[in-house]
Amino acid sequence: MHVLKFGGTSVANSTNIKLITDIFLQHPAAQKIVVVSAFSGITDQLIACGQLAEAGDERYAEVIKGIEKRHLDTTRELLPVSNQSACLSVVKQLCNELETICEGVFSLQELSSRSKDRIVSFGELLSSKIISGYLQAIGHAHTWLDSRQLIKTDSQFGNAAVVFAVTNENIRQSIAQSQDALFIAPGFIASNEHNLTTTLGRGGSDYTAAIYAAALQAEALEIWTDVSGMMTADPRWVSNAKPLPAISYQEAMELSHFGAKVIYPPTIQPAMQMKIPVWIKNSFAAQDHGTVIQHETNSDNGFIRGISSISNISLISLEGSGMIGIPGFSKRLFQALANEKINVILITQGSSEHSICVGIHAADIQRASAAVNAAFEIEIAGKKVEPVAVESDLSIVALVGDQMKSHPGISGQMFSALGRNGINVRAIAQGSSEKNISAVIAARDVKKAVNVLHESFFEEVQKQLNLFVVGVGNVGRRLLDQLQQQQAFLAEQLRMQVRVVGVANSRQMYFDDKGVDLSNWKHLLEENGEAQTPDTLVQAIVSRNLRNSVFVDITASDVVAGMYEPLLRKSIAVVACNKIAAASALNHYKKLKSLAREFNTSFLFETNVGAGLPVIGTLNDLVKSGDVIHKIEAVLSGTLNFVFNNYDGSRPFAAVVRQAQEEGYTEPDPRLDLGGTDVMRKILILSREAGYALEMDDITNNGFLPASCYEGSVDNFYSEMEKHEAHFAGLLQGAQANGCKLKFVASFEHGKASVGLRHIAPESDFYHLYGKDNIVLYYTQRYPEQPLVVKGAGAGADVTASGVFADIMRVIH
Ligand code: ADP
Ligand code: ASP
Ligand code: MG
């Protein structure tokens, strides 16, 4: 005997019914019971129908008409015209009965759970009768089993408990009496001792099939549905979810209890008791292997089986000094909940025994808190215990696997993955069997959490990085080009899926949660982008709540730098090419760094100094490994190098500066470079990263520009430089007279920093520095005489973009 159950989607319409009929008719077993659900969506419609009638809303009748039409149409499509009439009249008769009951509800405006069960039972009655009619029409002998008469339950309508002794006997007898090899039975429905219709809980057709299978000691129970097995996570949420070839009964129970809807949790118990293997198969891909649920599983397939979640959870906590050491406290709590028939999903108790926290369905929260408050009325009045505290809008995520107990570090991995993504954990429970670890989190985070955990435990193969790139000037464009070019390489070689989900310029922003098409970003931003303000941009990024999010600032804007704080607080990493934040007031710089630590994310700005050169990274490595920085000497301005390398007296100084600006080496206002501010910011950042507490004001600037150059506009700056050509020529000649070159040098020593123009002699490390090269010398405890040198191109869009790229990669380590 094999029992095959087909779910709502598998019987949703005539095409699907034909498909599954082929499946069960071709099935090789000698004897088969086919259990069916209602057509998909019908149970919900029947419930709605009852509720409308109860509320005195006449539209219930339209709902019934719709239900009737769908079943009549399906019958007409399935059966040959000459054989339709009997089946059509069965459908009509059932729908009439349904209407009569609903009329009763409507006139009384009262819907008892008993009438509700009666109403929803028509879903499975209709579907099973139509399939039976179809088999008859195409000439297949079979028996329609009335599950209501065979499966006996108590009178808990809506979620009745099966009385197994009577049920098993009924099933065995009726099968024994029949000569047929094929049986069709409605799922979900049963009856109590007074023959009143009951139901087995939502999703209960799976359970019906298990009851038949256990009673008859079937060789296998097959649950045919719309996915190719029990998956590592709900495939509607996690696109990379994979079917599990085999899992144990315990694992299936844990996964389904914690929300994997593909099998109704009570289903496993009867099958497990009889050691019947349970298959989950796909009606729409019958050749797929599916999942087999049985006693032993092969632990070679890894030790975490799946991730599931339950929504609509509330927590109640009972807390108070009066609880410590008093036995029976928790018993009273659970008794109070049990008396109300409230299902407890999760329990945690601090080791201090000072508080107990219980997770329940949100729908039960009123009754639960009233019951618990009543049970502890005396202690609450005596202030030994606080009144029950309630928290709502929560969900549970759970990690399930039999072998977890033999692998240390799993909860560490779980909570650090959640933490890195800013998902706050409200309560944790680990079953004593250690087959699952579950965490209570905010409902708004649950989809992200399931994805984060799936990525962490099942997809070393593919980590996803979600980037928001703000600033699409020279560097931003190059970065987008580089990202596009490297996407395939990163996916193949590093198993990273790097997607740009948002781009913005100073006016507009454009998002695509599946990844902006990088070959067309410019057009998309300009044509389809929406206007942005700092608030709407931050809001749009935060509300996406995507895992491994990185905000990439390639602007020179203080407004954009102002966005870091709210983003870091949401665990969104910040990669800045923009120097403003790292060079801002010391307190602000420190705050951003500590926010990154507190929210488990990164604030990286390697390109603030020396573009793509590993200047800050090298410094960080020295400091982390315990070295002490004594002195830094550096030439850090690409602009000033360009200017002094090209200024040989043959052209005016102003003309060389203009060329530098035209070739894109300078800030929009070249005085920031020429006046030394840009170099001051850089040495400030280096000294801070070296561990010293400096402000911009602490840095001495031995500038070389005449004071009048700072007055007025950029145009004025050029005319002032022209007026002062003699001053610049004098600087050059002074150096040349000593056999030296001019370089603008930044230095840091004894806790003090300064910048200024210096004469560089041929023996200096700085003498042979050409083009836009930068150089940094670190004198440290470990490099006392011969410094550690970092040297190379310190400006240019391509190298800067690649430095930003490297920071982005560092975020995920
Ligand atoms: P049926 O109507 O056949 O009983 P259900 O809708 O009750 O089907 O269950 C199948 C659905 O369960 C799938 O379509 C899938 O979206 C959902 N599901 C949730 N978690 C899982 C999981 N871990 N593996 C497979 N499916 C899951
Ligand atoms: N039709 C019922 C429901 O939707 C039972 C089932 O499909 O398993 O809950
Ligand atoms: Mg189901």
Side-chain angles (χ1 to χ4, degrees), residues 4-12 16 19-20 23 35-48 67 116-117 119-128 147 158-160 185-190 198-211 222-245 247 251-267 278-285 288 290-291 293 304-311 397-401 436 446-447 450-451 453-454 457-458:
L4 289 74
K5 177 260 171 177
F6 293 89
T9 353
S10 306
V11 296
N16 295 2
L19 189 77
I20 62 126
I23 292 174
V35 176
V36 293
S37 286
F39 293 3
S40 64
I42 291 294
T43 309
D44 287 338
Q45 285 177 29
L46 288 165
I47 293 172
I67 293 173
K116 202 167 154 183
D117 269 3
I119 292 172
V120 291
S121 71
F122 285 92
E124 270 70 9
L125 288 174
L126 283 162
S127 64
S128 60
S147 303
N159 200 0
F188 185 46
I189 56 178
T198 56
T199 62
L200 303 177
R202 291 305 306 270
S205 296
D206 297 343
Y207 190 32
T208 306
I211 295 164
E222 299 175 19
I223 307 289
W224 288 80
T225 179
D226 55 5
V227 282
S228 293
M230 178 79 98
M231 309 248 198
T232 48
D234 188 338
R236 278 168 309 180
W237 278 6
V238 178
S239 53
N240 288 330
K242 285 179 277 298
L244 296 157
I247 55 174
E251 287 167 335
M253 269 197 272
E254 295 283 346
L255 276 169
S256 61
H257 178 70
F258 280 95
K261 184 193 169 205
V262 64
I263 192 158
Y264 180 51
T267 311
V278 182
W279 282 88
I280 300 180
K281 298 277 291 179
N282 190 345
S283 301
F284 308 97
D288 285 1
T291 300
I293 305 171
I304 306 288
R305 284 289 176 264
I307 293 150
S308 43
S309 64
I310 318 181
S311 300
V397 272
L399 207 62
V400 172
N436 101 57
V446 65
K447 186 172 171 192
V450 170
N451 274 285
L453 295 178
H454 197 268
F457 287 97
F458 293 102

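One-based numbering, in listed order, for ligands and for the atoms of each. All residue numbers in this chain count up from 1 along the given sequence.
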Measuring only between side-chain heavy atoms, which start at C-beta, is V450 closer than 4.5 Å to V238?
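Contact flag for V450/V238 side chains = yes.
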
If you define the side chain from C-beta out and look only at heavy atoms, does anything of F284 sit under 4.5 Å from D226?
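With C-beta onward as the side chain, the pair touches.
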
For [X], take its heavy atoms, then give the atoms of ligand 2 lying under 4.0 Å from any of them.
X	answer
S37	6 (C), 7 (O), 8 (O)
R202	3 (C), 4 (O), 9 (O)
T43	1 (N), 2 (C), 3 (C), 4 (O)

Nearest neighbour of atom 17 (C) of ligand 1 from the list K5, R236, R305, on a heavy-atom basis:
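The nearest heavy atom belongs to R236.
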
Nearest neighbour of atom 14 (O) of ligand 1 from the list I307, D234, V262, D226, on a heavy-atom basis
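Answer by nearest heavy atom: D226.
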
Nearest-contact summary for [atom] - protein heavy atom, Å:
atom	result
atom 2 (O) of ligand 1	G8 N, 3.0 Å
atom 6 (C) of ligand 2	S205 OG, 3.4 Å
atom 1 (P) of ligand 1	T225 OG1, 3.6 Å
atom 6 (O) of ligand 1	K261 NZ, 3.0 Å

[atom1] of [X] to [atom2] of [Y]: how many Å apart, nearest 0.5 Å?
X	Y	atom1	atom2	value
L255	L399	CG	CG	9.5 Å
E124	S147	CD	OG	9.0 Å
S283	E222	OG	CD	10.5 Å
D206	T225	CG	OG1	8.0 Å
N16	I23	CG	CD1	9.5 Å

Under 4.0 Å from a heavy atom of [X]: which atoms of ligand 1 are those, numbered in the order shown and with their elements?
X	result
A233	22 (C), 23 (N)
M231	22 (C), 23 (N), 24 (N), 25 (C)
M230	24 (N)

Looking at ligand 2, would G203 count as a contact under a 4.0 Å heavy-atom criterion?
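Contact check G203 vs ligand 2: positive.
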
So is G187 touching ligand 2 or not, going by heavy atoms under 4.0 Å?
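Outside the 4.0 Å threshold, so no.
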
For T232, which of K242, R305, H454 qualifies under side chain to side chain donor-acceptor pair (under 3.5 Å)?
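Only one of K242, R305, H454 forms a side chain to side chain donor-acceptor pair (under 3.5 Å) with T232, namely H454.
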
Hey, are S228 and D288 close enough side-chain-wise for a donor-acceptor pair under 3.5 Å?
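Yes, S228 and D288 have a side-chain donor paired with an acceptor closer than 3.5 Å.
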
Report yes if E124 has an N/O atom closer than 3.5 Å to an N/O atom of ligand 2; otherwise report no.
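Right, the criterion is met.
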
Please confirm whether [X] comes under 4.0 Å of ligand 1, counting heavy atoms of the residue only.
X	value
P235	yes
S308	no
S205	no

For the residue pair Y207 and Y264, categorise the inter-ring angle as parallel (less than 30°), tilted (30 to 60°) or perpendicular (more than 60°).
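Y207 vs Y264 ring planes: perpendicular.
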
Heteroatom distance test (S10, ligand 1): nitrogen or oxygen, under 3.5 angstrom:
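Looking only at distances, the answer is no, because the N/O contact criterion of under 3.5 Å is not met.
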
Has D117 got a side-chain atom pairing as donor or acceptor with T199's backbone, closer than 3.5 angstrom?
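Yes: the side chain of D117 pairs with the backbone of T199.
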
For N282 and W224, indicate whether the former's side chain and the latter's backbone hold a donor-acceptor pair under 3.5 Å.
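Answer holds: no.
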
